[in-house]
Amino acid sequence: TRLTNVASLGMSFASEQRGVFQRRYSLVPERPLLEARVTVRDQGYLVGQPRVGETAAGQEVEFTLGQDPNVTYHRTVTLLSSALTQDVDRQGKAVTRTVQEYRVTYRLRNAGRRPVEFEVTERTGYLTLLNVSGPAGDQFERQTDTVAFRGALPPTGDTTVEFEVTVRED
């Protein structure tokens, strides 16, 4: 049986924010599991007891067990440009839309004594994501309304992830 832990953060596109990541675990059993409560210990500490439904051998089960106080973030957003553009809506009518470019900066910190894998998923909601760029441009996964990135934080260390997004109000 394999159990992995990832510090996970999912958020909406907004201005400056700070907080902590969530503890997300992935369990892949070697043998079929009956529905039961599973005790999860991490580094010798009890972190939770989620209920897991019947699971086939090799089938991944994901669950979240609250906040990880060791993994924190501070997110800032800077507006770089804003412009009005002419477009056509779904009904073929001419519309004016706002296109804006932002710089998004995440400062991530791991106060723990072991390295931590992390993932961040940011949803733009009512904004259509037109472009994502930055020094680490290849590490981003982009969809119409989502930017996601992953990485690792060293023990008692920090890192900065910075990128630029262009969005359109729909």
Side-chain angles (χ1 to χ4, degrees), residues 2-28 42 50 59-112 114-170:
R2 186 181 80 226
L3 179 69
T4 56
N5 175 15
V6 174
S8 179
L9 178 64
M11 60 189 328
S12 298
F13 191 79
S15 59
E16 180 175 346
Q17 295 177 329
R18 51 176 82 230
V20 297
F21 279 68
Q22 296 291 309
R23 287 186 180 108
R24 187 176 60 77
Y25 290 85
S26 171
L27 173 70
V28 180
D42 195 350
Q59 179 184 350
E60 183 178 37
V61 178
E62 292 186 351
F63 47 88
T64 301
L65 292 175
Q67 297 181 339
D68 186 341
N70 285 331
V71 186
T72 59
Y73 71 94
H74 180 198
R75 177 184 176 277
T76 57
V77 177
T78 305
L79 177 64
L80 300 176
S81 68
S82 181
L84 296 176
T85 62
Q86 298 301 314
D87 202 356
V88 177
D89 68 10
R90 292 183 186 126
Q91 289 78 33
K93 295 181 191 173
V95 293
T96 301
R97 299 183 189 210
T98 304
V99 174
Q100 297 173 313
E101 186 176 16
Y102 295 93
R103 178 177 300 117
V104 181
T105 304
Y106 279 90
R107 287 185 176 74
L108 310 174
R109 173 131 181 83
N110 175 15
R114 65 182 174 97
V116 174
E117 298 291 320
F118 71 85
E119 67 179 22
V120 175
T121 303
E122 188 163 316
R123 289 172 178 65
T124 58
Y126 67 94
L127 302 170
T128 298
L129 185 60
L130 300 176
N131 188 39
V132 178
S133 63
D138 292 341
Q139 76 181 22
F140 297 106
E141 294 175 24
R142 175 184 164 238
Q143 295 178 354
T144 304
D145 64 348
T146 304
V147 177
F149 58 92
R150 295 177 168 74
L153 288 167
T156 63
D158 55 17
T159 191
T160 299
V161 177
E162 186 173 87
F163 57 96
E164 293 178 4
V165 295
T166 305
V167 294
R168 180 185 67 217
E169 292 181 11
D170 287 337

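These values consider heavy atoms only, across backbone and side chains, with no hydrogens, waters or symmetry-generated copies. These numbers were taken from a predicted model, which means no experiment stands behind them.
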Given side chain to side chain contact (heavy atoms under 4.5 Å, CB included), test Gln22 with Asp68 step by step and report yes or no.
-> CA-CA 5 Å; Gln22 296 291 309; Asp68 186 341; over 6 Å; no
Side chains of Ser26 and Val61 in contact at under 4.5 Å (non-hydrogen atoms) | no
Between Thr146 and Glu122, do the side chains contain an N or O donor and an N or O acceptor separated by less than 3.5 Å?
-> no
Is the number of heavy atoms from other residues, nucleotides or ligands under 6.0 Å of Arg107 CZ greater than 12?
-> no
According to the interplanar angle, ranging from 0 to 90°, do the rings of Phe63 and Tyr25 count as parallel (below 30°), tilted (30 to 60°) or perpendicular (above 60°)?
-> parallel
Is there side-chain contact between Pro155 and Pro115, with at least one heavy-atom pair below 4.5 Å?
-> yes
Rounded to the nearest 0.5 angstrom, the CZ-OG distance for Phe163 and Ser133 is 10.0 Å
Any sub-3.5 Å donor-acceptor pair from Arg123's side-chain atoms to Ser12's backbone N or O?
-> no
Is the shortest distance from a Lys or Arg side-chain nitrogen in Arg24 or Glu62 to a carboxylate oxygen in the other one below 4.0 Å?
-> yes
Specify the closest pair of heavy atoms between Pro154 and Asn110, including all atoms of both residues, with the distance to one decimal.
-> O-ND2, 3.1 Å
Using a 4.5 Å cut-off on heavy atoms from C-beta on, say whether the side chain of Tyr102 contacts that of Thr78.
-> no
Got Met11 and Arg75 here, is their nearest side-chain heavy-atom distance under 4.5 Å?
-> yes
Does a side-chain heavy-atom distance below 4.5 Å link Leu130 with Val99?
-> yes
Side-chain contact test, heavy atoms from C-beta onward, threshold under 4.5 Å: evaluate it for Leu27 versus Glu60 and give yes or no.
-> no
What is the distance from atom CD of Glu119 to atom CG of Leu9, rounded to the nearest 0.5 Å?
-> 9.5 Å
Is any side-chain heavy atom of Tyr73 less than 4.5 Å from a side-chain heavy atom of Val20?
-> no
For Leu108 and Phe21, what are the C-alpha separation, side-chain angles and deciding distance, and is it a side chain to side chain contact (heavy atoms under 4.5 Å, CB included)?
-> CA-CA 10 Å; Leu108 310 174; Phe21 279 68; 3.8 Å; yes
Note, Pro69 side chain near Arg23 side chain (heavy atom, < 4.5 Å) | yes
Please check if the distance between the ring centroids of Phe149 and Tyr106 is under 6.0 Å.
-> yes
CD on Glu169 to OG on Ser82, rounded to 0.5 Å | 7.5 Å
Pair Glu162-Arg103, side chain to side chain contact (heavy atoms under 4.5 Å, CB included): steps then yes or no | CA-CA 7 Å; Glu162 186 173 87; Arg103 178 177 300 117; 3.4 Å; yes
Matching residue for Arg114 among Thr156, Asn5, Asn70, Leu153 - test: side chain to side chain contact (heavy atoms under 4.5 Å, CB included) = Asn5
If you round to the nearest 0.5 Å, how far is OG1 of Thr166 from CD of Gln100?
-> 10.5 Å
The reported gap from CZ in Arg168 to OG1 in Thr85 (rounded to nearest 0.5 angstrom) is 7.0 Å
Short N-O contact, Arg97 and Asp87, less than 4.0 angstrom = yes
Go through the steps for Leu84 and Thr98 under the test side chain to side chain contact (heavy atoms under 4.5 Å, CB included), then give the verdict.
-> CA-CA 5 Å; Leu84 296 176; Thr98 304; 3.4 Å; yes
Mind checking the CZ-OG1 spacing from Arg109 to Thr72? Nearest 0.5 Å is all I need.
-> 7.0 Å
